[in-house]
There are 2 protein chains.
Amino acid sequence: MRILIVEDEKKIADSLRKNFNDEGFDTKVCFDGSDALEVISKEKFDLILLDWRLPEITGVEVCKRIRNANNRTPVILLTALSNISNKVEALNCGADDYITKPFSFEEVLARVNALIRRYKFSQNMIEFEKMSLNLITHTLETETGSIKLPEMEFELLKYFLENQDRIVSREVLCEDVWKLKYTPTTNVVEVTVKNLRKKLEEYSSNKFIKSVYGEGYLFISN
Amino acid sequence: MRILIVEDEKKIADSLRKNFNDEGFDTKVCFDGSDALEVISKEKFDLILLDWRLPEITGVEVCKRIRNANNRTPVILLTALSNISNKVEALNCGADDYITKPFSFEEVLARVNALIRRYKFSQNMIEFEKMSLNLITHTLETETGSIKLPEMEFELLKYFLENQDRIVSREVLCEDVWKLKYTPTTNVVEVTVKNLRKKLEEYSSNKFIKSVYGEGYLFISN
DNA sequence: AACAATAATGAAAAAATTTTCATTATTAAT
DNA sequence: ATTAATAATGAAAATTTTTTCATTATTGTT
């Protein structure tokens, strides 16, 4: 996950960056609004953390401009002020959430994760580990690239993601994914699992699809 | 579009049914709540119009049970009462909208259409005429049946639906739908248009895809 | 360690989809 | 009405995807 931190107080910016990096996020920092807008127009982020008080352009203004450019990237505003009118202004400018300083990193992290998850869901994406499956385009998207899955591999992966941490037998897969009333005499399922595994391995060393001897498969992502 | 009208006052029920039928809707009427629940469990509707005051089970109770059965079909409650606490109760039971009697059919129609459109959109469906294209399953759904479109036909139809009433040239289609940088020497576009037209014709006598000589294609649905 | 059951694999076969191509039909302009 | 350009069509070729099959590998049990 890639986060843009827009914060002019170097101490806070550094602390956020370090903490997010430790959590496995990819971060980028901007110290003022115009710099941020420039970066946002060129690069893609999963979330933008935006300080309210910034030199020149305010965070609220930056947020408005992001939305005017038809960019729906989740935005969280950070502010020292906690009165309600500010809160209203924050949400009116198109921000998705609002955190008042001083904050604990745990709070920021929780809100960031919740917002990213919510956004991906609304975008018809199911995320797992550092990848996500786009239900509309049928692409498997990662930080390093994306591939379009053929239909049966897509359907299988989608099914696994909807049934994580649960053993699914071949019979169930035949019925739910392949829509067969009878269990086939051949091993279509195994072959498709093999091909899907190969593609997943190209992007992660995680073994997502485990085999449970005599039972079926088990998809685990964390 | 198929609407279920649940209303015990025969006069109102008949009037609604007649008006909706005239507008081209398919309607079904139930006179009490348990009858409605029975029907809803078996048949699929695009919307349910539910009277608050019903013999035995109230409309609010019916609505709750529909939602408990994990059915998200849009529900509009009809009521003679217009105080706020009722309105709150209505929306809390899982209804999507609320109309107070007496109402004009125009008002009902407007709300019904708005709600159906909103719901389909949230379900990743694009509707046109009496059909809808499911963006997740890639199926073209009609009242009489549904078929899964092969990928290129799906992409093409989706593009047409997003660009209705606008002439799109072959060059643009090659770029946007086929993702080609060059215009092909062959007529892939024409062939795919032909096949898509054939499938659309199976469900409607409307000629959705018009050819504009020397310019391109024009998709019109109403 | 040996065995039988279960699972994984590579490659071929079959099926479905997409693209190409040759031909016919339609359009707009003269 | 003729003509040249554009569009539609059927069918074949090429490509991609899905399924099958024979073989090898792995697992759990004795």
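Protein chains get the first letters and strands the later ones, always in sequence-line order, with residue 1 at the start of each.
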Quick one: CG on A:L133 to CG on A:L157, what's the gap to the nearest 0.5 Å?
5.0 Å

Separation of atom CG in B:L156 from atom P in C:dT18, rounded to whole Å
11 Å

Given atom CD of B:E171 and atom P of D:dA7, what is their separation to the nearest angstrom?
9 Å

Looking only at side chains, do A:N21 and A:T27 share a donor and an acceptor under 3.5 Å apart?
yes

Taking only residues two or more places apart in sequence, or in another chain, which ones meet B:Y213 in a ring-ring contact (aromatic ring centres under 6.0 Å, His included)?
none

Rounded to the nearest angstrom, tell me the gap between atom NZ in B:K194 and atom C1' in C:dT26.
16 Å

Need the bend value for the helix from C:dA1-D:dT30 to C:dT30-D:dA1: angle between end axes, 5 pairs each end, nearest 10°.
30°

Figure out the CG/C1' separation between A:L200 and C:dA8, and round it to whole Å.
16 Å

A side-chain contact here means heavy atoms from C-beta on lying under 4.5 Å apart; do B:V62 and B:L37 qualify?
yes

Residue pair B:E129 / B:S204, side-chain donor-acceptor N/O under 3.5 Å:
yes

At under 4.0 Å between heavy atoms, how does the protein contact nucleotides 19-30 of chain D? Give one character per nucleotide, 5' to 3', with B, S or -.
BBBB----BS--

Qualifying residue, where the test is side-chain contact (heavy atoms from CB on, under 4.5 Å) with A:R170 and the options are A:N187, A:V193, A:V189, A:V188:
A:V189

Rounded to whole angstrom units, what separation is found between the CD atom of B:E153 and the P atom of C:dT17?
9 Å

So which one's nearest nucleotide on DNA chain D is more toward 5', A:K148 or B:V212?
B:V212

Return yes if a side-chain donor-acceptor contact under 3.5 Å exists between A:N68 and A:R65, otherwise no.
no

Donor on one side chain, acceptor on other, B:S169 and B:E215, under 3.5 Å
no

How many whole angstroms separate atom CD of B:E190 from atom C1' of C:dT26?
13 Å

Need one value for A:F154: base, sugar-phosphate or nothing, where a base atom within 4.0 Å counts as base even if backbone is also close, heavy atoms only.
nothing

Is there a donor in the side chain of A:N124 and an acceptor in the side chain of B:N124, or the other way round, less than 3.5 Å apart?
yes

May I have the distance from A:E215 (atom CD) to C:dA7 (atom P), rounded to whole angstrom?
9 Å

Distance in angstrom units between B:E155 CD and C:dT19 C1', rounded
17 Å

Under 4.0 Å between a side-chain N/O of B:R170 and OP1 or OP2 of D:dT6, yes or no?
no

Identify whether any heavy atom of A:E151 sits under 4.0 Å from a base atom; if not, whether one sits that close to sugar-phosphate; answer base, sugar-phosphate or nothing.
sugar-phosphate

Given DNA chain C, 5'-ward residue of the pair B:L149 and A:S211, judged by closest heavy atom:
A:S211

